[in-house]
Amino acid sequence: MSQSVGPLGSEVSVTRTGVRRRSGRGAWKGANALVLLRRTAFVTYSGDGACEIDKEATAALLKWAEQQHLGQDPDLLADVLTRRERALKALHAGRHTVVRLRARPQWRLVVGMGARENAYEIGLALHGTYGVPVIFGSTVKGLTAAWALETGQDSALMDTVFGAPRPGRPGTPRQGAVRFLDALPLETAKLARDVLTPHAQPYYRSTDTGESTAGQTAVAPAEHHNPIPVPFLTVRGTRFAVDLTGRDPEAVEQAAAWCTQACDALGAGAKTAAGYGYLAVDRDETWPRAPHHDTNGTTNGNGNGIRP
């Protein structure tokens, strides 16, 4: 029988049916995923006092995350979104351009898969305060910049949008004109369990994680290695608010155009080669455009066109 360690102490336990409270009945609802997934572990003790992580608890935690939607509180999420909207309205009133995009995974999304922020290495990007799934602003910005570079966009325009210097392009340090905010879910995020099954795990461990030491050779991949399933969490069917702001209307509009194309063509997060991470993006037309932009996203009066 495993025991829980961490902030929740003996209040939580794992069974074949999932995560449960020790006091009371029913599954653990409303728990912040930052605590339950990242700061709680289940261990088993041997006769000599040694302990080890209960690997079977991973299945119970993943089941809880899927069935209880990471313990997300719809009222809390509504308050968070209201706060974001108030902040954007204040920026707009201060003559900032605000573009609000809506992104929905075309299939499934997995961001933060390589994170090792918990005992079970359950990789999923979570907001640092609210514990809800998030696409970090740095991810959105990097994705957009990669698309602009890949499609051969003007370097000076990229410096204006993203700042300088950039990888492979030295230059005078300057701040980018566009802020990419963390993309928050617009509704209770839906989770789905998935599994990755590497067939040569000893090889990957000896080459990718630095476990090989001086004088030792990497383990060669071979068919006799046992496949080891690695479960992970994905987000599905959930709309995210992708918000961009800045004082330069042309730069913000250009970034929004690149971002829309990048989400569909490159995808966000991990395993895009397997179909994960591609996002369908549309614009929230309830937000006003900059005064000197028409509905087609082109400028009026200054000649600085927005490139598709």
Side-chain angles (χ1 to χ4, degrees), residues 34 72-105 109 111-112 125-145 147-148 157-158 160-163 174-189 235 237-264 268-269 279-300 302 304 306-307:
L34 292 171
Q72 297 169 86
D73 184 338
D75 294 333
L76 174 61
L77 181 58
D79 290 341
V80 172
L81 295 174
T82 298
R83 183 182 303 171
R84 166 68 66 87
E85 185 172 345
R86 285 201 305 263
L88 293 177
K89 286 181 176 179
L91 287 172
H92 187 266
R95 302 188 64 80
H96 286 254
T97 297
V98 175
V99 174
R100 306 205 75 183
L101 304 175
R102 299 291 177 263
R104 180 192 293 272
L109 172 70
V111 177
L126 299 175
H127 192 278
T129 301
Y130 309 113
V132 299
V134 64
I135 307 174
F136 292 117
S138 57
T139 299
V140 179
K141 182 177 181 179
L143 170 66
T144 304
W147 171 254
L157 182 56
M158 291 180 63
T160 299
V161 172
F162 304 111
R174 60 179 294 188
Q175 182 178 2
V178 182
R179 296 183 179 91
F180 296 77
L181 305 186
D182 291 345
L184 300 172
L186 287 166
E187 59 229 348
T188 299
V235 180
T238 302
R239 294 179 304 142
F240 286 83
V242 181
D243 298 320
L244 287 66
T245 74
R247 289 190 178 275
D248 185 336
E250 286 77 26
V252 177
E253 292 287 346
Q254 183 64 84
W258 286 341
C259 182
T260 299
Q261 296 168 336
C263 288
D264 179 67
L279 303 167
V281 179
D282 55 31
R283 183 167 181 152
D284 183 355
E285 297 294 350
T286 63
W287 277 80
R289 294 174 182 263
H292 50 292
H293 281 79
D294 62 26
T295 56
N296 293 319
T298 57
T299 59
N300 294 325
N302 61 11
N304 294 326
I306 299 303
R307 304 180 183 184

Is the Phe162 ring parallel, tilted or perpendicular to the Phe180 ring (thresholds 30°, 60°)?
parallel
Mind checking ring pair (Phe, Tyr, Trp, His ring centres under 6.0 Å) for Phe240 and listing every partner two or more places apart, or none if nothing turns up?
none
Closest heavy-atom pair, Val242 versus Ala103, reported as atoms and distance to 0.1 Å, is CG2-CB, 3.9 Å
Contacts of type side-chain contact (heavy atoms from CB on, under 4.5 Å), residue Thr260, not counting sequence neighbours:
Leu101, Val281
Thr245 OG1 to His92 NE2 distance, which is reported to the nearest 0.5 Å:
11.5 Å
Under 3.5 Å donor-acceptor pairs involving side-chain atoms of residues 128-140, not counting sequence neighbours:
unit_1 : atom_1 : unit_2 : atom_2 : d
Tyr130 : OH     : Arg83  : NH1    : 2.9

Heavy-atom closest pair (Gly237 atom, Arg104 atom, distance to 0.1 Å) is O-NH1, 3.3 Å
When rounded to the nearest 0.5 Å, the distance separating CH2 of Trp287 from NZ of Lys89 is 6.0 Å
If I compare all heavy atoms of Ala251 with all of Val161, which pair ends up nearest, and what's the gap?
O-CG2, 3.9 Å
Hey, could you give me the CD/CD distance between Glu187 and Gln72, rounded to the nearest 0.5 Å?
10.0 Å
Under the side chain to side chain donor-acceptor pair (under 3.5 Å) rule, collect the residues that match up with His96, sequence neighbours excluded.
Arg247
Return the set of residues passing side-chain contact (heavy atoms from CB on, under 4.5 Å) with Ala262 (not counting sequence neighbours), or none when no residue passes.
Leu143, Trp147
Among residues at least two apart in sequence or on other chains, which ones pass salt bridge (Lys or Arg N to Asp or Glu O under 4.0 Å) with Asp284?
Arg102
Between Leu244 and Thr144, is any pair of side-chain heavy atoms under 4.5 Å apart?
no
Taking all non-hydrogen atoms of both residues into account, name the closest pair between Thr188 and Pro74 and its distance.
OG1-CG, 3.9 Å
Set of salt bridge (Lys or Arg N to Asp or Glu O under 4.0 Å) partners for Arg174, sequence neighbours left out:
none
Once side chain to side chain donor-acceptor pair (under 3.5 Å) is applied, do any residues pair with Arg100, and if so which ones, sequence neighbours excluded?
Asp243
Could you tell me which non-hydrogen atom of Gly269 sits nearest to which non-hydrogen atom of Val111, and how far apart they are?
CA-CG2, 4.0 Å
CZ (Arg84) with more than 12 external heavy atoms under 6.0 Å:
yes
